[in-house]
Number of protein chains: 2
Amino acid sequence: MITKRRGDVSLVSVTVDLVIFTVRSDCLQVLLIERGKEPHLGSLALPGGYVRDGEDLDEAAARELLEETNVDAERLHLEQLRTYGAPARDPRGRVITVAYLALGPDLPTPTAGTDARAARWVPVKTAISDETPLAFDHKEILREGVERARAKLEYTTVATAFCLEPFTVAELRHVYEVVWDTKLDPSNFHRKVTRAIGFLVPTGQRRVPQLGRPAALYRRGYATTLVPAILRTG
Amino acid sequence: MITKRRGDVSLVSVTVDLVIFTVRSDCLQVLLIERGKEPHLGSLALPGGYVRDGEDLDEAAARELLEETNVDAERLHLEQLRTYGAPARDPRGRVITVAYLALGPDLPTPTAGTDARAARWVPVKTAISDETPLAFDHKEILREGVERARAKLEYTTVATAFCLEPFTVAELRHVYEVVWDTKLDPSNFHRKVTRAIGFLVPTGQRRVPQLGRPAALYRRGYATTLVPAILRTG
DNA sequence: TAACTAATGGTCATCTTGACCGGAAATCGT
DNA sequence: ACGATTTCCGGTCAAGATGACCATTAGTTA
């Protein structure tokens, strides 16, 4: 293991890794790359990379997001998840990684990044299963990302980050159903979501669907916390 | 600024910083140290220190906790808060810090640690005010720690981490009142906490106070999430 | 024009919450 | 000894939230 010191202090490399979720084809999907170099060459992994000199952590996450998905971080919800620093988590030496959670609407199919052979969307159900090995400790990171996303839908308004504006209540409900993997009563969901203060702003427009009654269109409101919360039960 | 590289990759120093809260004399207090060396010599700061070779982040946090407070981390609630890595946050060079939140019962007055001239409890109200300068970005970290602690009391059972077992419902209520800086209705609070599943385990014992009716004694239950949650309102 | 589908509104029993009252169980002062 | 005082803790009640479910609305399709 390579170890350098600055004075009495050990030095480490710092990376950011991204858990990027979207809702695609009725399914919560995560962006994974096929690693293009060692270690773990060819393995599936979370996209990420080294934090550069003079770069803040959030900046590094936004930059990696742009590189891997060609989507401006402005349009996504991006928040820090947790930092992972087990001494042996990377065979190259002491590398700690700051994991970020990114939530966005159905994004363009990503191009392969610099260090990756390929990048693609993988259903979360597949990615977290034991049959899908992931590089480093990325499976643990992914699992915590899923749990964080699920929990945040309860008491924050982040679910709207999965929707392209303007969106319908049904689209928002679909997000909840997919992320939580449950069915929700359309009528009760409609009531909750429209009464929650600052959650949705009606545009006055309507969208005519393939089938059924046209639905009102909304934009995100100013609220970030959801009161009252929408709780998972059962 | 000192910068070293390993191959193409910049190397940074990693520290852990601790936001240690306790409830003392009707007041939420945070453990601060007076720095014993540069930079920010003499300033108030959060306790913390460098992560050592071969040491996991949680281990480093537990070790620093022990060094600064002489309290075994087993008895405290310890969780990662967030990682701070603004490029210029430390004049010594690139140093990122993994902040931890620690919650515990009224702890023994701490001894000064290795890098500190003195360590003492400071009321949070004082510590976050503009009249109290803190070293580095520690004021921002402290503010986020306070907000995290307040939020966690709503939907988790961590409030019991502030209590020495066994404890009474009134002691637990006191924790909520101090952390949230509100008054709570004793009767309604009693109903909520005793009905919340897995929150409290009755010991069958009672404690006779200076004044008033004896109170039943409880221990922590198995639950970590609080259902139903106890929400702050108004 | 009837059938179909999805959006959205309404009803109702149940549960939770906050405000508040009152009894229980201890100590203290006289 | 006995009431005053304090705190614990149980009970009541109205208001609001929730889940289950039905009804209406507004489109398309056969």
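Residue numbers begin at 1 in each chain, while the letters A, B, ... track the order of the sequences.
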[options]: which one has an atom nearest the side-chain heavy atoms of [X]?
{"X": "A:Leu211", "options": "C:dT17, C:dA26, D:dT29", "result": "D:dT29"}
{"X": "A:Val169", "options": "D:dG27, C:dT8, C:dA19", "result": "C:dT8"}
{"X": "B:Lys192", "options": "C:dT17, C:dC20, D:dA26", "result": "C:dT17"}
{"X": "A:Ala215", "options": "D:dT18, D:dC8, C:dA7", "result": "C:dA7"}
{"X": "A:Asn188", "options": "D:dG27, C:dG18, D:dG19", "result": "D:dG19"}

Take atom [atom1] of [X] and atom [atom2] of [N], then tell me their distance rounded to the nearest Å.
{"X": "A:Glu177", "N": "C:dA6", "atom1": "CD", "atom2": "P", "value": "12 Å"}
{"X": "A:Gln210", "N": "D:dG27", "atom1": "CD", "atom2": "P", "value": "15 Å"}
{"X": "B:Arg207", "N": "C:dA25", "atom1": "CZ", "atom2": "C1'", "value": "17 Å"}
{"X": "A:Leu200", "N": "C:dT8", "atom1": "CG", "atom2": "P", "value": "11 Å"}
{"X": "A:Tyr218", "N": "C:dA7", "atom1": "OH", "atom2": "P", "value": "12 Å"}
{"X": "B:Leu184", "N": "D:dT7", "atom1": "CG", "atom2": "C1'", "value": "16 Å"}

- Item | DNA chain C: 5'-proximal contact among A:Asp185 and A:Pro214 (nearest heavy atom) | A:Pro214
- OP1 or OP2 of C:dT8 sitting under 4.0 Å from any side-chain N/O of A:His190? yes
Just checking [X]: base, sugar-phosphate only, or nothing, at a heavy-atom cut-off of under 4.0 Å?
{"X": "B:Ala196", "value": "nothing"}
{"X": "B:Arg173", "value": "sugar-phosphate"}
{"X": "B:Arg206", "value": "sugar-phosphate"}
{"X": "A:Arg191", "value": "base"}
{"X": "B:Pro186", "value": "nothing"}

- Task: Pick out which of A:Thr83, A:Asp137, A:Thr15 makes a side chain to side chain donor-acceptor pair (under 3.5 Å) with A:Thr97.
- Result: A:Thr15
- Message: Atom CZ of residue position A:Arg148 - does it have more than 12 heavy atoms of other residues, nucleotides or ligands inside 6.0 Å?
- Response: yes
- Task: Establish, yes or no, whether a centroid distance under 6.0 Å links the rings of B:Tyr176 and B:Phe189.
- Result: yes
- Does the gap between the ring centers of B:Phe167 and B:Tyr218 come in under 6.0 Å? no
- Message: Please compare A:Arg213 and A:Ser187 by the position of their nearest nucleotide in DNA chain D and report the one closer to 5'.
- Response: A:Ser187
- Note on the structure: Heavy-atom nearest nucleotide on DNA chain D taken for A:Val208 and for A:Arg195; more 5' hit belongs to A:Arg195
- Query: Does the side chain of A:Asp106 come within less than 4.5 Å of A:Val23's, by heavy atoms?
  - Reply: no
